[in-house]
2 protein chains.
Amino acid sequence: MPKLGSCNVFLRATFGIDPGAEIGRQLGELATQVQVMRGQEVQTDPADTTLVFLASGATKLGAQASRERHQIVAFHFGGDIFTVPAVSMHRYMLIGLCESTLTTFPARQFYDRAASNPWIMRALLERSQTALFRCRDKAVNLGQKSAGERVAGFLLAMWERLDASEGPSPMIDLPMSRGDIGESLGLKIETVSRQFTKLREAGIIDTHGRSGVSLLDLPRLAEQAGYYDRNTVPPRPEWVERKPELVP
Amino acid sequence: MPKLGSCNVFLRATFGIDPGAEIGRQLGELATQVQVMRGQEVQTDPADTTLVFLASGATKLGAQASRERHQIVAFHFGGDIFTVPAVSMHRYMLIGLCESTLTTFPARQFYDRAASNPWIMRALLERSQTALFRCRDKAVNLGQKSAGERVAGFLLAMWERLDASEGPSPMIDLPMSRGDIGESLGLKIETVSRQFTKLREAGIIDTHGRSGVSLLDLPRLAEQAGYYDRNTVPPRPEWVERKPELVP
DNA sequence: CGCAGATTTGATCGTCCTCAATTTATGTGG
DNA sequence: CCACATAAATTGAGGACGATCAAATCTGCG
């Protein structure tokens with residue numbers, strides 16, 4: 001196994017480029033292989049955006065709002081590609097949820113070298129937009145939803161992103177603590193716990209130890225999450241006027 | 001003035017390409033010129049992401065969490081480039097805050113045609129990341145900050161993005177209503193109003209009519225927003241272990 | 001088996017929401 | 001130019017949800 005194994009996997013799987021190719025070599029030069037354990041921070045450049053490929057494991061990207069307040073902005077799992085912003089309004093930290101292997105690149109230099117390759121740029125753009133759309137959904141949840149809706153929505157999101165056991169009541173293994181969940185949802189740990197209890201008492205989920213969650217009733221869980229039924233037409237608020245005018 | 005004037009301005013100003021060039025012509029074919037008045041919705045494709053260039057005016061991008069709950073995810077001003085996502089978890093709507101002129105493109109097709117041009121792809125990627133970083137900051141605010149901090153932070157953000165009169169106490173002209181501000185900050189209109197009153201009584205701001213705001217004391221406003229002083233080193237929470245291990 | 005940390009549960013408090021009533025701003029017609 | 005109409009913004013009182021503080025219980029691991 002070559003020493004930049006993880007990077008090569010990344011380049012091949014994500015962009016379909018041969019690591020032996022010139023562009024692969026050039027990008028590989030920028031790579032830093034990092035391994036972190038649970039709770040450890042991945043060092044990123046405070047002055048520039050860092051591009052990260054998470055080969056295996058799971059991480060959380062958190063921001064410090066002030067000394068005692070932290071917001072988890074995103075969770076990442078094996079295969080994810082994302083960026084850690086430079087310090088600006090808030091300070092961001094990338095921290096392992098479990099033992100994780102990742103490859104980091106200085107974003108600016110990576111883009112400079114990859115610019116000539118349409119495939120890579122296209123892939124990066126789409127990934128960036130995925131992250132943006134997910135973040136916007138998070139903003140909607142944080143701004144408009146109750147504690148119960150947020151927790152139910154969180155479980156559904158994890159069910160979609162984590163490997164769940166098959167069957168009518170799939171089981172997932174949460175790699176993050178209740179505290180992490182709270183910091184992600186803008187809730188305190190006690191509130192998260194109480195919502196878990198409510199869902200358990202309602203027969204919608206069951207918990208096994210600290211990390212195991214059985215989703216006993218997915219339809220009802222989705223209902224608790226407060227989303228529209230995606231099969232119904234989303235109603236349009238009456239206060240929006242509908243007269244788009246195409247300029248001749 | 002050619003009929004795609006706004007589009008040409010967009011292509012030249014943003015990507016530095018000559019609209020007469022082949023690529024300019026190809027992209028111009030995809031453009032739709034739209035003009036909206038205050039409160040009108042810009043029609044976007046529910047099935048695909050729409051790329052939007054806002055030539056002049058101001059808009060809000062809102063999401064419906066449910067019939068009675070809306071979250072404004074971003075405000076845009078003249079010169080901004082952004083995307084309106086297809087319907088997924090939530091339904092997004094782009095609405096004019098005042099009379100606005102904009103050019104829309106089907107994102108997928110635009111990317112297909114622009115892929116061969118590294119400059120354009122690079123510019124799109126950077127804009128997308130800017131939007132992502134701004135959205136993450138919004139998530140931090142929504143998840144962790146009090147009503148007072150959110151309103152103060154909002155005023156600072158608008159001061160940076162809008163044209164403010166010069167001088168020690170700059171004045172800005174908000175194009176959005178108190179209701180819009182509330183929907184953006186995850187607060188009710190009454191709460192926003194009360195926070196404005198508090199800031200006014202503290203001598204930090206002054207209001208003129210519905211839209212005028214004088215920022216009388218920027219340092220104290222920043223203090224109210226609850227950000228770190230950017231000149232101090234952001235403290236590191238003690239629960240984060242710092243032993244990143246570089247793989248040999 | 002025992003320990004440390006994570007989670008759950010309980011009681012109380014504070015912030016923001018809700019509902020309702022005024023007051024103020026804007027723009028339209030006299 | 002002013003009076004009026006309408007919508008927006010402000011103010012007030014009361015209530016609900018989630019935070020806070022405190023204690024008990026459970027989990028996973030040595």
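A, B, ... follow the sequence lines: proteins, then strands. Residue 1 opens every chain. These numbers come from a predicted model, not from an experiment.
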- request: Apply side-chain hydrogen bond (donor to acceptor under 3.5 Å, both in side chains) to A:Lys138 and A:Ser184, showing your working.
  value: CA-CA 9 Å; A:Lys138 179 182 271 281; A:Ser184 167; 3.0 Å; yes
- request: Can you tell me the distance, in whole Å, between the CE atom of B:Met176 and the P atom of D:dA9?
  value: 12 Å
- line: Judged by nearest nucleotide, the residue sitting upstream toward the 5' end of DNA chain C, B:Ala147 or A:Gly179, is A:Gly179
- request: Find which nucleotide of DNA chain D each of A:Lys188 and A:Arg210 is nearest to by heavy atoms, and output the residue with the more 5' nucleotide.
  value: A:Lys188
- request: Could you tell me whether B:Gly186 contacts a base, only the sugar-phosphate backbone, or nothing, with contacts defined as non-hydrogen atoms closer than 4.0 Å?
  value: sugar-phosphate
Are there any protein N/O atoms within less than 3.5 Å of an N/O atom in nucleotides 10-14 of chain D, and if so, which ones and at what distance?
residue, atom, partner, partner atom, Å
D:dT10, OP1, B:Arg178, NH2, 3.4
D:dT10, OP2, B:Arg178, NE, 2.9
D:dT10, OP2, B:Ser193, OG, 2.9
D:dT10, O5', B:Ser193, OG, 2.9
D:dT11, OP2, B:Thr197, OG1, 2.5
D:dG12, N7, B:Arg194, NH1, 2.9
D:dG12, O6, B:Arg194, NH2, 3.3

task: Mind checking the CG-CD1 spacing from A:Leu174 to A:Ile181? Nearest 0.5 Å is all I need.
output: 5.0 Å
field: Which residues share a side chain to side chain donor-acceptor pair (under 3.5 Å) with B:Ser128, sequence neighbours left out
entry: A:Ser128
Which atom pairs, donor and acceptor, lie under 3.5 Å between side-chain atoms of residues 207-220 of chain A and protein residues at least two apart or in another chain?
residue, atom, partner, partner atom, Å
A:Thr207, OG1, A:Arg200, NE, 3.1
A:Ser211, OG, A:Asp173, OD1, 3.3
A:Asp217, OD1, A:Arg220, N, 3.2
A:Asp217, OD2, A:Arg220, NE, 3.1
A:Arg220, NH2, A:Ala202, O, 2.9

query: To the nearest Å, how far apart are B:Leu187 CG and C:dT18 P?
result: 11 Å
- prompt: How many Å lie between CG on B:Asp173 and C1' on C:dA25, as a whole number?
  reply: 14 Å
Spacing of CG belonging to B:Leu132 relative to OG1 belonging to A:Thr83, to within rounding of 0.5 Å: 5.5 Å
message: How many whole angstroms separate atom CG of A:Leu199 from atom P of C:dT7?
response: 16 Å
query: Atom CZ of A:Arg38 to atom C1' of D:dG28: distance rounded to whole Å?
result: 12 Å
task: State the CD-NZ distance between B:Gln71 and A:Lys145, to the nearest 0.5 angstrom.
output: 11.0 Å
5' precedence on DNA chain D between A:Ser211 and A:Gly148 (nearest-nucleotide basis): A:Gly148
